[in-house]
Amino acid sequence: MNLKVVAKVFGSLIPAMIGTYLLVKDYIAAANHPEWSVSPMVMWVKFGVGLIVSIILLFVVFRRKN
């Protein structure tokens, strides 16, 4: 694999990383202060949106013809 391919993959996975960070942050907040936390559905929607955006970016990046 060359460096451009690796950069494209990591660039496309950034939304999934952000979604994972938000999920973990909200999960920790819910464990510490359940009265202030958001619902578990909102936590998983944040993660799901990041995952879907990453998958779409991967398809767009690798479907292009050079």
Side-chain angles (χ1 to χ4, degrees):
M1 293 176 73
N2 67 25
L3 194 57
K4 284 186 179 183
V5 173
V6 173
K8 287 179 183 180
V9 169
F10 280 126
S12 297
L13 292 178
I14 288 174
M17 290 181 223
I18 292 171
T20 304
Y21 167 75
L22 291 173
L23 176 69
V24 170
K25 181 182 71 77
D26 288 342
Y27 182 74
I28 291 171
N32 292 335
H33 300 285
E35 67 276 2
W36 298 343
S37 66
V38 296
S39 72
M41 185 68 174
V42 173
M43 292 181 204
W44 286 105
V45 166
K46 289 179 185 179
F47 174 72
V49 167
L51 190 63
I52 297 291
V53 169
S54 289
I55 291 170
I56 290 170
L57 284 174
L58 281 171
F59 279 128
V60 167
V61 166
F62 287 108
R63 299 269 287 164
R64 276 194 206 154
K65 303 281 183 190
N66 290 336

Hydrophobic cluster membership, Val61 vs Leu58, 4.5 Å side-chain cutoff: yes

Quick one: side chains of residues 9-20, donor-acceptor pairs under 3.5 Å with protein atoms, not counting sequence neighbours, listed by atom name and distance.
residue, atom, partner, partner atom, Å
Ser12, OG, Lys8, O, 2.9
Thr20, OG1, Ala16, O, 2.8

Pairs flagged by salt bridge (charged side-chain N to carboxylate O under 4.0 Å, His left out) wherever residues 48-61 is involved - sequence neighbours left out: none

Residue pairs passing the side-chain hydrogen bond (donor to acceptor under 3.5 Å, both in side chains) test where at least one lies in residues 40-59, sequence neighbours excluded: Asp26-Lys46

Option among Leu22, Ile28, Leu23 that satisfies the side-chain contact (heavy atoms from CB on, under 4.5 Å) test with Lys25: Leu22

Approximate separation, where rounding is to 0.5 Å, of Ile52 CD1 and Leu57 CG: 11.5 Å

